[in-house]
Amino acid sequence: MLHHHELAAAVRAALLAAQSDGTLPLFDLPDVTVERPRETSHGDYATAVALQLARPARMAPLKIATAIADHLPSIDYLDGVSVAPPGFINFRLSPAWLQQLPERILAAPQGFGGNGLGDGKKAQVECVSANPTGPITLGRTRGGVIGDTVHRVLESAGYAVTLEYYYNDAGRQITLLGESVKVRYLQLLGQPAELAEEHYQGEYIVELARELIAERGDALRDVPADTFAVYARDRISRQQKETLARIGIVFDVYFREESLYETGKVWETLEILQSRGYVYEQDGAQWFRSTAFGDDKDRVVVKAGGEPTYRLPDMAYHWDKAQRGFDLVVDIFGPDHHATAPQVLMGVRALGYSSDFVYTLLHQIVTLVRSGKPVKMSTRRGQYVTLDELVDEVGADPIRYFMISRSATSPIDFDLDLAVEHSDKNPVYYIQNAHVRCAGIFRKWAEAGLPDDDDAGADLSLLTHERELAFLRKALELGDIIESVATLYEPHRLAFYAYDLAALFHPTYEECRVLHSDVPEPLRRARLRFYRAAQAMFARVLNLMGMSAPEVM
RNA sequence: GCCCCCGUAGCUCAAUUGGACAGAGCGUCGGCCUUCUAAGCCGAAUGUUGCAGGUUCGAGCCCUGCCGGGGGCACCA
């Protein structure tokens, strides 16, 4: 259990004890929260509960704090508990306990900081969900990286997680795709054909047409556009999958919208909505009474022509999620979808489910910056940098890092120059270099022909340098970070944490040498142990972010 | 017109969900390489948290109203 939870429980117990012996008056126990204070001089953990209790207890906060502190049981990992005006209770970790942390890390490096929050519950993360009508764009990439990071963290928090991609494999957009490819195909054959305004303009359409000519020559000249659509859809879908895999995103499930029609779920959804009185007919269309759930106006779910709008299958899809028994669903959407997300949840409620199990995560846009200037893009005209091109240019790791380097509510300027810069200005290299430096120590150690398990059983009480202890304090915090990312779905906390950990590592590396002649033998072994644990920490954190942990750079 | 997001150091952004003196990076200025990668380290300067009220022991965070920037308001997805 995380320390801050244990300490909160201890404070609650102390409150009860103080009440039962009359030191404190009777009042209802508040929610006790123990946090890490911003100011490290205030200790490692702190609670302001005495301040909150001043009114119900009708006592000075300082006195309440003292009463709590006096009734606290002794806790093995604490060095001391102190009370500070105006009524904070501060807890300080014992250095002796911190010094043993490397062994805890090394006991299960890739599990360190994990917790049982999810308790085996089923979670789903849905992201990207681009239709197979073109290459993966940067906005979808951001959603994908956020989603995959949340997925990795949720797994570390004990959830059984399904990473899922929802896409429309039929309908109007696919029809337009097929027509677009056919037009290009005919044009390449020198036949008269023109793209319409709504057709896909991108160069990749021409490429697809070229592929078809290479494979089939002019045999498809009189074939209907549907055939082109199926070819293009499958080809683009496969390409999207391969591209996402290049940045470490591999989906467990690709959910086809069309399957909702095949199973009858779409129409079943409509029938249920009708039977529950949430659908009415007007102007020949079927309207969803979303105003019953606070919407500005009702929304069309079946057009006058009899064709459903995207909302109906979206609702059917979320109904399906509810039926699959997910305890938690995280839906990740870009800013262009923020208006539609609430409507889907209204649909879920109209179907008779609570929508509480769904968390909608909306993120802002990504702008590429080169030489300090934004790179102009136009999705409509098919002029944009694709994920594939970005991976070619900067590699996967900078993409993974920078896409979570800001909170989802902030837009990101993706600096192409910085992304490939090999210096401390580039946080990606700065973090990975910490891992490289650790690996370097052990490489040197092996080159010197010294036994590679020499640090086993080292006397860790020799780790008394303040840099070492500061690093270990930060290492311990990983558990808190995983917990917060798994409950708040804010993976940028992980990116900031990784940077902070590296920023505490590098000065330690400078000041706490290992292989130098002036480092006495017992200390050398303790530090080897320390750096082995540090390397494990960086491998762990990089892995949580889906990044590589290089041995050399 | 309505809805959503944002407004914090010169720039880009954090701030443990209402806690202690608002922090990082970049940029600027000044130091540090005979020693495990200087792809690094050390130090300095930088704030009326857009404005005005309100809530309370306490507000960057919550409420109201303005101002400014971005996005969205389809029988498209």
Fill in: Atom pair OG1 (A:Thr137) and CZ (A:Arg142), whose distance is rounded to the nearest 0.5 Å
12.5 Å
Worksheet item: For atom P, what is the distance between B:rC66 and B:rC42, given to the nearest Å?
Response: 49 Å
Response to the item:
Ranking A:His42 and A:Glu257 by the position along RNA chain B of their nearest nucleotide, the one closer to 5' is A:His42
Practice prompt. Check every strand shown and say whether A:Arg493 touches a base, only sugar-phosphate, or nothing at a heavy-atom separation below 4.0 Å.
Written response: base
Item to complete: Assign the ring pair A:Phe505 / A:Phe538 to parallel, tilted or perpendicular, where the plane angle (0 to 90°) is split at 30° and 60°.
Response: perpendicular
Item to complete: Could you state the atom-to-atom distance from CZ of A:Phe288 to C1' of B:rC75 in whole Å?
Response: 16 Å
Worksheet item: NA contact type, A:Arg513, heavy-atom cut-off 4.0 Å: base, sugar-phosphate, or nothing?
Response: base
Worksheet item: For A:Asn90, which contact category applies under a 4.0 Å heavy-atom criterion: base, sugar-phosphate, or nothing?
Response: base
Item to complete: Just call it for A:Phe496: base, sugar-phosphate, or nothing, with non-hydrogen atoms closer than 4.0 Å on any strand.
Response: sugar-phosphate
Worksheet item: According to a 3.5 Å limit on both distances, what stems of 3 or more consecutive Watson-Crick or G-U pairs are formed with RNA chain B?
Response: B:1-7 with B:67-73, B:10-13 with B:23-26, B:28-32 with B:40-44, B:50-54 with B:62-66
Item to complete: Counting heavy atoms from C-beta on, name the nucleotide in B:rC41, B:rA14, B:rG25 closest to the side chain of A:Tyr430.
Response: B:rC41
Worksheet item: Nearest of B:rC42, B:rA20, B:rG19 to any side-chain atom of A:Gln52?
Response: B:rG19
Practice prompt. For A:Leu478 and B:rU16, give me the distance from atom CG to atom P, rounded to whole Å.
Written response: 18 Å
Worksheet item: Across the strands shown, which category fits A:Leu488 at heavy-atom distances under 4.0 angstrom: base, sugar-phosphate, nothing?
Response: base
Worksheet item: Would you say A:Arg55 reaches B:rC57's phosphate, i.e. side-chain N/O to OP1/OP2 under 4.0 Å?
Response: yes
Worksheet item: Would a distance-only check, ignoring hydrogens and angles, find a side-chain to backbone donor-acceptor pair under 3.5 Å from A:Arg400 to A:Met547?
Response: no
Fill in: Among B:rA39, B:rU35, B:rC26, the one nearest A:Lys425 by side-chain distance
B:rC26
Discussion item. Could you tell me how far apart A:Tyr429 (OH) and B:rU37 (C1') are, to the nearest whole angstrom?
Written reply: 14 Å
Fill in: Check: A:Leu93 main-chain N/O paired with A:Asp44 side-chain donor or acceptor under 3.5 Å
yes
Worksheet item: So what does A:Arg467 touch, heavy atoms closer than 4.0 Å: a base, only the sugar-phosphate, or nothing?
Response: sugar-phosphate
Item to complete: Would you indicate what A:Thr309 reaches in the nucleic acid, counting non-hydrogen atoms under 4.0 angstrom: base, sugar-phosphate, or nothing?
Response: sugar-phosphate
Practice prompt. Let me know the distance between NE2 of A:His5 and C1' of B:rU16, rounded to the nearest Å.
Written response: 12 Å
Practice prompt. Without swapping roles, check the side chain of A:Arg36 against the backbone of A:Tyr45 for a donor-acceptor pair under 3.5 Å.
Written response: no
Worksheet entry | Pairwise distance CD1(A:Ile404) to CZ(A:Phe496) - rounded to 0.5 angstrom | 10.0 Å
Worksheet item: Is any side-chain N or O of A:His363 closer than 4.0 Å to OP1 or OP2 of B:rC6?
Response: no
Fill in: Value rounded to 0.5 Å, distance of CD in A:Gln240 from CD1 in A:Ile136
4.0 Å
Discussion item. Tell me which residues in residues 330-346 of chain A lie within less than 4.0 Å of RNA chain B, going by non-hydrogen atoms.
Written reply: A:Pro335, A:His337, A:His338, A:Ala339, A:Thr340
Fill in: Beyond-backbone contact of A:Asp518 with A:Arg513, side-chain heavy atoms, under 4.5 angstrom
no
Worksheet item: Nearest to the side chain of A:Ile441, which nucleotide is it out of B:rC75, B:rC36, B:rU12?
Response: B:rC36
Fill in: Nucleotide nearest A:Asn168 when distance is taken to its side chain, options B:rU12, B:rA77, B:rC73
B:rA77
Discussion item. What contact category does A:Pro411 fall into here, base, sugar-phosphate, or nothing, at under 4.0 angstrom with non-hydrogen atoms?
Written reply: sugar-phosphate
Discussion item. Categorize A:His506 for me: base, sugar-phosphate, or nothing, with a 4.0 angstrom heavy-atom threshold over every strand shown.
Written reply: sugar-phosphate
Fill in: Sugar-phosphate, base or nothing in reach of A:Gln364, heavy atoms under 4.0 Å
sugar-phosphate
Worksheet item: Between B:rA9 and B:rG1, how far is it from one C1' atom to the other, in whole Å?
Response: 37 Å
Worksheet entry | Nearest-nucleotide pick for A:Pro37, side chain only, options being B:rA20, B:rU17, B:rA14 | B:rA20
Worksheet item: Is the distance between the ring centroids of A:Tyr278 and A:Phe293 under 6.0 Å?
Response: yes
Worksheet item: With respect to the side chain of A:Lys444, which nucleotide from B:rC36, B:rA14, B:rA77 is positioned closest?
Response: B:rC36
Practice prompt. Mind checking A:Val436 for me? I need base, sugar-phosphate or nothing, with any heavy atom below 4.0 Å counting as a touch.
Written response: base
Worksheet item: Of all the nucleotides listed (B:rC3, B:rC36, B:rC75), which has the minimum atom distance to the side chain of A:Asp296?
Response: B:rC3
Worksheet entry | Rounded distance in Å - OH (A:Tyr499) to P (B:rG23) | 17 Å
Worksheet item: Is it true that a side-chain atom of A:Glu511 and a backbone atom of A:Tyr509 form a donor plus acceptor pair closer than 3.5 Å?
Response: no
Worksheet item: Can B:rC33 be described as syn, meaning its chi torsion is within 90° of 0, or is it anti?
Response: syn
Worksheet item: Expressed in angstrom and rounded to an integer, what is the separation of A:Ile365 atom CD1 from B:rC4 atom C1'?
Response: 14 Å
Discussion item. How many whole angstroms separate atom CG of A:Leu418 from atom P of B:rG25?
Written reply: 14 Å
Worksheet item: Quick one: CD1 on A:Ile412 to CD on A:Gln364, what's the gap to the nearest 0.5 Å?
Response: 10.0 Å
Worksheet item: Is a donor-acceptor pair below 3.5 Å formed from side chain A:Tyr310 to base B:rA77, judging by atom type as modelled?
Response: yes
Worksheet entry | Between P of B:rC75 and CG of A:Leu312, the distance in whole Å | 14 Å
Worksheet entry | Spacing of CZ belonging to A:Arg370 relative to CG belonging to A:Leu416, to within rounding of 0.5 Å | 5.0 Å
Worksheet entry | Residue closer to the 5' end of RNA chain B, A:Thr508 versus A:Trp287 (nearest nucleotide) | A:Thr508
Worksheet item: Among B:rG19, B:rC2, B:rA38, which nucleotide sits nearest the side chain of A:Tyr509?
Response: B:rA38
Discussion item. Over all strands shown, is A:Gln432 touching base, sugar-phosphate only, or nothing at heavy-atom distances under 4.0 angstrom?
Written reply: nothing
Worksheet item: With a 4.0 Å cut-off on heavy atoms, is A:Ala503 in touch with a base, just the backbone sugar-phosphate, or nothing at all?
Response: nothing
Practice prompt. For the pair A:Gln432 and A:Tyr401, evaluate side-chain hydrogen bond (donor to acceptor under 3.5 Å, both in side chains) and give the outcome as yes or no after the intermediate values.
Written response: CA-CA 11 Å; A:Gln432 289 181 320; A:Tyr401 184 82; over 6 Å; no
Worksheet item: Nearest 0.5 Å, what's the CG-OH distance between A:Asn131 and A:Tyr166?
Response: 8.5 Å
Worksheet item: Counting any heavy atom closer than 4.0 Å, what does A:Cys438 reach on the DNA or RNA strands: base, sugar-phosphate only, or nothing?
Response: nothing
Worksheet, complete the sentence: Per the O4'-C1'-N9-C4 / O4'-C1'-N1-C2 angle with a 90° window around 0, B:rU17 comes out syn
Worksheet item: With respect to the phosphate group of B:rA38, does any side-chain polar atom (N or O) of A:Arg437 fall under 4.0 Å of OP1 or OP2?
Response: yes
Discussion item. Of the listed nucleotides (B:rG25, B:rA39, B:rC36), which one gets closest to any side-chain atom of A:Met553?
Written reply: B:rA39
